[in-house]
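Take a look at the structure set out below.
Since this is a predicted model, take the numbers as computed values, not measurements.
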Amino acid sequence: MAVPANQVPAHRDTHHAAVIDGTGGLLADAEFPATTAGYADLLAWMRSFGRVTAVGVEGTGSYGAGLARYLTSKKIVVTEVDRPDRRARRAQGKSDPIDAIAAARATLAGHRDGHAEGPHWAG
């Protein structure tokens with residue numbers, strides 16, 4: 001089973017991740033520390049659902065940079081995802097799980113602003 005697994009938003013202390021299936025159905029979401037050990041746990045958790053085909057990360061030039069570097073070092077395709085639409089956030093409220101799921105579905109659908117920043121990221 002191919003599992004597009006996508007993470008967002010990137011915060012200074014934690015990352016909230018959502019894993020979806022190939023049709024956009026939510027499999028799970030969870031929060032991990034923004035540390036090297038947390039990145040390893042996040043990737044192991046995503047892989048527990050199947051093959052990881054892509055990870056969308058918000059803020060690859062700032063708070064998501066460490067996670068993006070870690071994932072690409074493990075040969076995971078990382079793409080930069082846009083911040084959630086402000087109108088949608090006002091209607092639904094601020095929620096890391098909702099933002100993570102929306103980013104996962106946007107990555108699956110190809111609605112992102114491009115590859116992760118920097119010459120050391122694969123995408």
Side-chain angles (χ1 to χ4, degrees):
M1 167 175 63
V3 179
N6 305 274
Q7 183 280 333
V8 77
H11 294 302
R12 184 183 61 160
D13 298 321
T14 62
H15 296 301
H16 200 98
V19 176
I20 61 172
D21 63 23
T23 63
L26 178 64
L27 299 176
D29 71 278
E31 189 170 82
F32 298 88
T35 63
T36 302
Y39 304 154
D41 290 345
L42 186 150
L43 181 56
W45 174 79
M46 288 189 295
R47 286 180 167 161
S48 74
F49 294 93
R51 187 172 63 89
V52 177
T53 58
V55 177
V57 178
E58 178 186 306
T60 61
S62 58
Y63 291 139
L67 176 61
R69 278 192 300 271
Y70 178 83
L71 292 171
T72 56
S73 77
K74 301 301 181 189
K75 308 295 186 225
I76 303 295
V77 174
V78 175
T79 57
E80 170 81 18
V81 295
D82 293 330
R83 286 179 27 186
D85 180 275
R86 289 180 190 203
R87 272 182 285 148
R89 289 180 86 185
R90 277 195 298 272
Q92 295 178 339
K94 170 68 175 113
S95 166
D96 288 344
I98 290 171
D99 291 351
I101 295 162
R105 290 179 176 149
T107 300
L108 177 64
H111 299 291
R112 59 194 190 282
D113 70 357
H115 298 295
E117 296 177 10
H120 48 277
W121 282 297

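- Scanning both residues, Leu26 and Ala18, for their nearest heavy atoms gives CD1-CB, 4.3 Å.
- Atom OH of Tyr63 and atom NE2 of His15 lie 11.0 Å apart (nearest 0.5 Å).
- Residues Val81 and Gly56 come closest through the heavy atom pair CG1-CA, 3.7 Å.
- Scored by the side-chain contact (heavy atoms from CB on, under 4.5 Å) test, Thr36 finds no partners at all (sequence neighbours excluded).
- Here the side chains of Arg69 and Tyr39 are not in contact, with every heavy-atom distance at 4.5 Å or above.
- The minimum heavy-atom distance between Phe32 and Gly38, with the atom names listed, is CB-O, 3.9 Å.
- Evaluated for a side-chain contact (heavy atoms from CB on, under 4.5 Å) with Val19, the options Val55, Leu27, Asp29, Val52 yield exactly one hit, Leu27.
- With sequence neighbours left out, Ala40 forms a side-chain contact (heavy atoms from CB on, under 4.5 Å) with Tyr70.
- Between the OG1 atom in Thr35 and the CG atom in Asp41 there is a gap of 7.5 Å [rounded to 0.5 Å].
- In this structure, CG in Leu42 is found 10.5 Å from CD in Glu31, a value given to the nearest 0.5 Å.
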